Each structure stands twice: as structure tokens, then as C-alpha cells.
Amino acid sequence: MKLYFQLLKYPVFTMEHVNQYYDNIESARSAVKRLIKDGLVVKIRNNLYTCISGETDAPLANRYQIAGAITPTSYLSHHSAMEYYGISDQIFYEVYVSSSTMFRDFEFDGYTFCYVCSKCNEGVETVKYSGGVRITDKERAVIDSIKDLDKIAGLEEVIDNIQAVSVLREKRMLAYLECYDNQFLYQKLLVNLDYLFRSSYMSV
């Protein structure tokens, strides 16, 4: 039980976190198995766990915290980032997670965590006091949504999200375009610039 209270400090934890309280990894694994059996811990995926809240009887970690812990390079992106910022008011059960390290899509707590290959590391932030949420900023989220318009989001959803963003920093958007170095993406953005200027305040 003492271990459970130690692990409550981590919304999402791995066996490496547990092992700091033991002399060897096998003892750590046995301890986690006992906590799972007692209904105090639940396995999210291989080597990724969260505690069960004693107040709500639900997993302690939310989908945003889980996204930032799947791999060392993972972060929320696309409409999942828009959802976190409160820009998208639609309910989605797919969580889009960009990562330089590939992982297989998986389901947990009613959500499907979908892998997106990260081809740009700019514009990723760790939100303070969030329990480990890593996410693209709004400008990067807009660029990614337009880039993957046909893969992840429909045109109507992207337009609605862009219209809901109050301020977009032009220099950041140009920096992300340079990072991708994709001429087709430039063209797609130009097509959507009218929506950007009509619906959002563009700043430097």
C-alpha cells in the first residue's frame, strides 16, 4: 500500500519509476502485479501504468497525460491539441499522438491512441502543472491540421478550428512551414489563408 501512495505522484509511470523503490526489477514487477490484482493500478500498455483513483475509482491519468508518456518523443497534435486548448468542442475518441519513435495504435479507457509520424520537432511545449502534458502550440496545430487534412481531419472541422483561434503568430507559422519544407503544404496553406485572415487575428 505504501508503494501505491508513492506512485500517486506520477499520473503515468513505468517500471523504471517503480524500480527506484526496490533493489531489482523483478521485485518491482511483482509489486506492480500485486497492485494490479488489488485493483489499485491498471496497465495502459507495455511498461506504461497509472493508478486507480480512490475517489473516482477511475484511472488517475487522463488521455492528454498518457499521450505525452507513450514514448520519449510523443506529444499531442492535430485536433487532439485543438481539443486540449478548448478550440474544438466536438467529442472525439481518437487521440492523435505525434512521435519520432513509432508505436502501435492502442485503446485504453475508451480512447484509441493513434500514432502520427513526427517530421518536425518545433513548436512542442510541456504544459506547466499539467502532469506531463506535451503538446504542439496553436500555430503548429493549425499547420499540422492543414497538412494532414485528408488523413485526420475534414475540411469543415479544420475551418471551424481555425475560426475559433483568436490569435495566430505569423512568424511561428512560417517557421513551421520551413521546418516541413513541403511545397504542397505551402500551397494548401495559401488556399486556406483567406479563412485564417477572416477568422483569426494574425500577429508577428
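One is the number of the first residue; the rest follow in order along the sequence. Only a predicted model underlies this, so the values are computations on that prediction, with no experimental measurement involved.
- Between the OH atom of Y21 and the CG atom of N19 there is a distance of 11.0 Å, given to the nearest 0.5 Å.
- If you chain together hydrophobic residues whose side chains sit under 4.5 Å apart, I135 and I70 fall into the same group.
- Atom CG of N24 is surrounded by more than 12 heavy atoms from other residues, nucleotides or ligands within 6.0 Å.
- For the residue pair T14/E16, the side-chain donor-acceptor check at 3.5 Å is satisfied.
- Distance CD/E94 to CG/D105: 10.0 Å, rounded to 0.5 Å.
- The backbone N or O of S100 sits less than 3.5 Å from a side-chain atom of T73, completing a donor-acceptor pair.
- Residue N47 qualifies as enclosed at atom CG: its count of foreign heavy atoms under 6.0 Å is above 12.
- The shortest heavy-atom contact between R140 and G123 is CB-O, 4.3 Å.
- At distances below 3.5 Å, at least one donor-acceptor pair connects side-chain atoms of Q20 with backbone N or O atoms of H17.
- In this structure, CG in L60 is found 9.0 Å from CG in N62, a value given to the nearest 0.5 Å.
- The minimum heavy-atom distance between N121 and V124, with the atom names listed, is O-CG2, 3.8 Å.
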side-chain contact (heavy atoms from CB on, under 4.5 Å) between V97 and F103: does it pass, once the steps are laid out? CA-CA 10 Å; V97 184; F103 65 87; 3.8 Å; yes

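- A donor-acceptor contact closer than 3.5 angstrom links the side chains of D144 and Y180.
- Closest heavy-atom contact between A61 and T50: N-OG1, 3.1 Å.
- Y75 and Y176 are assigned to two separate hydrophobic clusters, defined by single-linkage of ILVMFWY side chains at heavy-atom distances under 4.5 Å.
- By the 4.5 Å heavy-atom criterion applied to side chains, F106 and I44 are counted as neighbours.
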Let me see the working for Y115 and M102 under side-chain contact (heavy atoms from CB on, under 4.5 Å), right down to the final yes or no. CA-CA 7 Å; Y115 166 74; M102 184 177 179; 3.8 Å; yes

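- S99 and S118 share no donor-acceptor pair across their side chains, judged by distance under 3.5 Å alone.
- Scanning for salt bridge (charged side-chain N to carboxylate O under 4.0 Å, His left out) contacts around E125 gives R172, with sequence neighbours left out.
- With a 4.5 Å cut-off on side-chain heavy atoms, V142 and M82 count as touching.
- Atoms CG and CG, from L40 and L7 in turn, are 10.0 Å apart once rounded to the nearest 0.5 Å.
- Proximity of K119 to K147: side-chain heavy atoms (C-beta onward) are nowhere separated by under 4.5 Å.
- With values rounded to the nearest 0.5 angstrom, K138 atom NZ is found 5.0 Å from I87 atom CD1.
- Between Y22 and S30, the closest side-chain pair of non-hydrogen atoms is not below 4.5 Å.
- Here the straight-line distance linking atom CD1 of I143 with atom CG of D148 works out to 11.5 Å at 0.5 Å rounding.
- In terms of hydrophobic clustering, with Ile, Leu, Val, Met, Phe, Trp and Tyr side chains grouped at heavy-atom distances under 4.5 Å, L76 and F92 are assigned to different clusters.
- In this structure the side chain of R63 never reaches within 4.5 angstrom of the side chain of D109, judged on heavy atoms.
- With R134 contributing its side chain and S74 its backbone, the two residues share a donor-acceptor pair below 3.5 Å.
- Two residues are said to be in side-chain contact when any heavy atoms from C-beta on lie closer than 4.5 Å; Y84 and S130 meet this criterion.
- Hydrophobic clustering, with ILVMFWY side chains joined whenever heavy atoms are under 4.5 angstrom apart, groups I66 together with V42.
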After noting the C-alpha distance and the side-chain angles of R169 and D137, does the key distance pass the side-chain contact (heavy atoms from CB on, under 4.5 Å) rule? CA-CA 10 Å; R169 291 163 290 191; D137 61 25; 4.3 Å; yes

Would F13 and C51 count as a side-chain contact (heavy atoms from CB on, under 4.5 Å) if you check the C-alpha gap in whole Å, the side-chain angles of each, and the deciding distance to 0.1 Å? CA-CA 9 Å; F13 63 89; C51 289; 4.0 Å; yes

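- Although no hydrogens or angles enter the test, the distance criterion places no donor-acceptor pair under 3.5 Å between the side chain of R29 and the main chain of M15.
- Ring geometry for H78 against Y96 counts as tilted: the plane angle lies between 30° and 60°, on a 0 to 90° scale.
- Taking hydrophobic clusters as Ile, Leu, Val, Met, Phe, Trp and Tyr residues chained together by side-chain heavy-atom distances below 4.5 Å, L48 shares a cluster with V133.
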